[in-house]
Amino acid sequence: MPELPEAENIVRTLAPRITGQRILRSEFRTPRSRQGPMPDLAGRGVISVSRYGKQVLIGLDEGFLLIELRMTGLLLWREDLGTHTRARLIFGHGAVRFDDIRQFGSFRFLHDPPDHLGPDPLEIPPGDFRARLQVRQRMLKPLLLDQRFLRGLGNIYVDEILFRARIHPVALASRLSRARVERLHDSMVMALAEAIECGGSSISDYVNADGVKGRFQIRHRVYGKAGVPCRRCRFPIRRVVVGQRGTHFCPHCQRR
DNA sequence: TGGAATGTTCGGCT
DNA sequence: AAGCCGAACATTCC
C-alpha cells in the first residue's frame, strides 16, 4: 500500500512510541517476513525511526532494520495478533505488529544505513532533478516509479503528480522543456506535502501505526477515476496500461 | 471465473 | 549499456 506519504505517516505515529525504548523480543511468524540474516534483536535499543523512500528505517544501537511494506504491508502499534500478522517487535510497554496480506513485504537487517536508492523527492533540488531527467531516454511514468531514480513515488502519486503538472505519462524524460520540468518538480513537492498533511491515501485498508486512515484519497484527481469528468476540463479521465501499471490521466489536459 | 490491486526483482530480448 | 517486456511472488475482492 504505502508510498512516501503513507510511510511518512507510519513513521510519525510509530516514532514517539518506540524511540528510546528497548526491544524485549522479536517474532517472525512466516519465513518470508524476514530477508537475509537476522541477528537476535532482543535487548537492542531503538535510536531512531525514519523513512527511506517508501520504506521504514528503524535505527538500533547496533545496526538498522529496513522494513519494506510493498503492496499490503502495515506497521501497527498494538499488542494483539491479527490474521495477517507476519512479524512483531515486542517492547515492555506494547508491540509493533507487521501485518501483510500478500506477504510481499519483509524486514531486513543492515549494518550500515541504506544508500542503494535515488534521492528523496522532497529533498532533491530542482536543478538536480532536471539534470537527472535530461539523461534518461525513458517514458516519464516508469522512470518516476523507478526507486533508483527517485525514492518514494508509487503508482497513485505518479499519476496524481503528472496530472497536476499537466504532463502525459509517456512523455520522454530527456525531451521535457525547462518549464515542464519546473512544473513537474513543483507538482511533486506540493502533492506529496499535501498528501502527508492529509495522512496519506486510504484506498483499501491503509492505516497509520495508530490505526487511523488517511484522507488524501478524496483529493485524488485521476487515480481510480477512469470515465469521471476531469475536474479541470470535464473530458473523461482515461485509464491505460503503461509499463504494466494501470495509468490514469486526462487526454485533454495532459498532451504529449 | 478471471482480472486487477498503493511493489519489486529477475531473466530474456533488442 | 539501457530500456522494454513478461512472469513471479500471495491474497483478496469484485
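Below, chains carry the letters A, B, ... as their sequence lines are ordered, and counting in each starts from 1. Computed from a predicted structure; not experimentally measured.
Side-chain contact annotation: A:T13 with A:D210, donor-acceptor N/O pair under 3.5 Å absent. Under the 3.5 Å distance criterion, with hydrogens and angles disregarded, a donor-acceptor pair is assigned to the side chains of A:R97 and A:T85. Side chain to side chain, A:S201 and A:Q217 fail the donor-acceptor criterion of an N or O pair below 3.5 Å. There is a side-chain donor-acceptor pair under 3.5 Å between A:D159 and A:H248.
Nucleotide C:dC13 holds its P atom 13 Å from the CD1 atom of A:I203, rounded to whole Å. Separating the CZ atom of A:R86 from the C1' atom of C:dT12 is a distance of 12 Å, rounded to the nearest angstrom. B:dT8 atom C1' lies 16 Å from atom CD of A:Q103, rounded to whole Å. One interatomic measurement links the two molecules: CG of A:D100 to P of C:dC9, which rounds to 16 Å at whole-angstrom precision. Distance, A:Q244 CD to B:dA4 C1': 14 Å, rounded to whole Å. Rounded to a whole Å, the CZ atom of A:R32 is 14 Å from the P atom of B:dT9.
Comparing the P positions of B:dT8 and C:dA1 gives a spacing of 25 Å, expressed to the nearest Å. To the nearest whole angstrom, the two C1' atoms, one in B:dA5 and one in C:dC4, are 22 Å apart.
Remark: A:R136, A:Q137, A:R138, A:M139 in residues 129-141 of chain A come within less than 4.0 Å of DNA chain C through at least one heavy atom.
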Using Watson-Crick or G-U wobble pairs with both distances under 3.5 Å, give me DNA chain B in dot-bracket, 5' to 3', with [ ] for crossers and | for pairs to another strand. .||||.||||||||
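No more than 12 heavy atoms of other residues, nucleotides or ligands shown are found within 6.0 angstrom of CD on A:E197. By the neighbour-count criterion of 12 heavy atoms within 6.0 Å, atom CZ of A:R132 is densely surrounded, having more than that number from other residues, nucleotides or ligands. Surrounding CD of A:E194 are more than 12 heavy atoms belonging to other residues, nucleotides or ligands, all under 6.0 Å away.
Where stacking is scored as ring centres under 5.5 Å apart with planes under 30°, A:F104 registers as stacked on the base of B:dG7.
Using a 4.0 Å cut-off between a side-chain N of Lys or Arg and a carboxylate O of Asp or Glu, A:E182 and A:R180 do not qualify as a salt bridge.
For A:E3, the listed nucleotide lying nearest its side chain is B:dG7; candidates were B:dA5, C:dT11, B:dG7.
Ring geometry for A:F235 versus A:H252: interplanar angle under 30°, hence parallel rather than tilted (30 to 60°).
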